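Notes follow once the structure below has been shown.
All of these numbers come straight from a predicted model, not from anything done at the bench. Indexing begins at 1, ligand by ligand and atom by atom, following the structure's order.
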Amino acid sequence: MRIQDRLEKINNATVLDTTDFALHPHRTIVIRQGTIAEIRATDDSDRPGPAVLDADGRIAMPGLIDAHVHVTAATAGLGDIAHASPNYIAAQSSRIMQQMLARGFTTVRDVAGADYGLAQAVEEGLFRGPRLIFGGKALSQTGGHGDMRGPGQSQVDNHRCCPAIGVVCDGETAVRTAARDQLRTGAHHLKIMLSGGVASPTDRVDSIQFSDAEIRAAVEEAEACNRYVTGHAYTARAVNRGLRLGVRCIEHGNLIDDESVELFKEYGAFLVPTLVTYVHLKRDGAATGLPVESQRKVDHVLAAGLEALDRATRGGVKIAFGTDLLGAMHEYQSEEFEIRAQVQSSEEVLRSASLTAAELIGAEGKLGVLAPGAHADILLLNADPLADVTVLAHPEQSIDQIIKAGVLEVDHAASR
Ligand SMILES: [Zn+2]
């Protein structure tokens with residue numbers, strides 16, 4: 001088979017079921033118009049053909065979902081992106097997304113930066129990349145995590161054609177307008193900054209951001225459109241406040257406490273830890289454009305991150321897989337599997353990058369699962385991620401073929 005060939009059948013696959021984490025050998029996956037029509041026992045009628053791929057017993061699993069990416073983050077200096085040509089950033093994004101697809105991520109959820117234009121370009125096949133779930137620009141208060149001005153700068157350019165990852169808005173009315181502006185362009189979610197962060201030059205990681213009324217305004221606007229708000233937050237103070245005000249998902253959450261765990265469960269909220277980014281911001285941040293003020297913040301959140309993941313896992317919180325890499329660090333995306341495996345079982349890590357991430361983005365039954373009615377986003381592996389999930393940290397070795405909507409997108413086996 002050749003790249004971009006459309007598949008009708010995969011014979012003799014060992015199907016990894018992400019609903020019960022069992023392996024079902026000797027299965028045929030029938031694909032019609034990009035969707036899985038049927039999964040049944042392979043029999044004599046399953047002969048080779050031009051649109052048929054013989055898995056030869058290899059493991060078939062659903063395409064991976066990364067629930068925290070920034071596909072427009074061509075550099076770790078997020079302030080510089082705002083002043084770049086949108087055309088240049090789009091070209092960079094297409095490269096970043098093609099590489100994500102080659103790591104087995106057939107769906108990514110962008111939580112600041114990507115817009116409807118990029119999603120449309122992938123859908124129309126202008127370049128190859130994962131399905132793009134986008135939220136438009138993140139909402140930030142003045143001096144918040146989405147405000148990339150240094151202390152000596154005064155002007156803020158919120159023009160929607162600037163490729164800045166955030167929009168600065170203060171007061172309930174401005175937050176509402178900014179929220180509606182993202183939603184009118186088809187945003188799947190709204191991202192708001194609930195606390196300080198690493199990549200922003202003037203805020204403190206331990207700060208809380210936005211007033212209660214501003215957060216409620218964003219939540220109200222999202223819910224009016226049957227969408228949800230996801231919040232960037234590190235400390236328990238910021239996380240717990242956001243959850244109480246109706247935020248449905250927390251990004252990072254490195255410094256959560258036991259009360260946070262209870263609140264996540266009470267509200268049925270999701271946590272998207274992003275650990276690999278701190279490992280590499282610490283190691284390569286300076287070389288990839290991260291400002292000095294930001295480098296100092298990394299230590300603080302790095303150590304706590306694994307402990308938070310452990311606490312949330314033991315507490316039964318719904319956890320989705322995320323990475324949050326910027327610039328040249330994107331290449332480390334798959335290392336997140338190795339980091340999580342330090343505190344989570346293979347099954348727990350796999351669930352976070354399939355079933356739970358699909359639930360977060362409202363695609364239950366469509367993504368993160370191999371079943372009739374689901375998109376035919378399928379990885380064929382020569383290793384068993386259920387026995388050891390860290391095989392996914394080396395996708396060019398462990399993943400032979402990557403299929404999206406029934407189309408063969410990447411063939412690592414052929415290039416080995
Ligand atoms: Zn992020």
Side-chain angles (χ1 to χ4, degrees), residues 65-82 89 92-93 96-97 100 105 108-115 118 130 132-140 144-148 163-167 182 187-201 203 205 209 229-235 238-239 242 247 249-255 270-282 284-285 288-291 294 297-298 300-302 305 308-309 319-330 332-333 335-336 339 352 357 360-361:
I65 303 170
D66 188 332
H68 189 129
V69 300
H70 299 282
V71 300
T72 63
T75 164
L78 293 178
D80 299 335
I81 291 172
I89 295 299
Q92 287 277 13
S93 303
I96 290 168
M97 290 173 70
M100 287 175 168
F105 294 96
V108 296
R109 170 178 172 264
D110 189 287
V111 283
D115 70 355
L118 275 178
L132 181 62
I133 310 298
F134 63 91
K137 294 180 189 297
L139 277 48
S140 166
H145 183 48
D147 186 345
M148 295 299 161
I165 64 146
V167 56
Q182 308 314 310
H188 295 253
H189 50 262
L190 292 177
K191 166 83 173 289
I192 66 171
M193 304 307 192
L194 294 172
S195 85
V198 171
S200 40
D203 61 2
V205 169
Q209 300 183 358
V229 171
T230 190
H232 159 104
Y234 284 110
T235 60
V239 170
V247 172
C249 180
I250 296 290
E251 311 295 322
H252 318 300
N254 296 46
L255 301 160
F270 294 79
L271 173 66
V272 186
T274 59
L275 300 173
V276 65
T277 192
Y278 310 109
V279 172
H280 288 284
L281 279 175
K282 187 173 168 64
D284 311 325
T288 54
L290 190 73
S294 297
K297 297 177 175 181
V298 176
H300 185 50
V301 291
L302 173 60
L309 176 61
I319 299 166
F321 184 94
T323 52
D324 195 25
L325 291 160
L326 310 171
M329 290 174 275
H330 272 117
Y332 305 119
Q333 186 178 23
E335 263 184 46
E336 182 79 23
I339 299 169
S352 73
L360 167 60
I361 61 180

Among the N, O or S atoms of Asp324, the one nearest the Zn ion (ligand 1):
OD1
Below 4.5 Å, heavy atoms only, C-beta onward: do Ile89 and Ile81 meet side chain to side chain?
yes
Measure from the Zn ion (ligand 1) to each N, O or S atom of His232 and report whether any distance is below 2.8 Å.
no
Quick one: does His188's side chain have a donor or acceptor within less than 3.5 Å of a partner on Gly135's backbone?
no
Is the shortest heavy-atom distance from the side chain of Leu360 to the side chain of Arg109 under 4.5 Å?
yes
Can you find a heavy atom in the side chain of Leu194 that is under 4.5 Å from one in the side chain of Val239?
no
Using a cut-off of strictly less than 2.8 Å, determine whether His68 has an N/O/S atom near the Zn ion (ligand 1).
yes
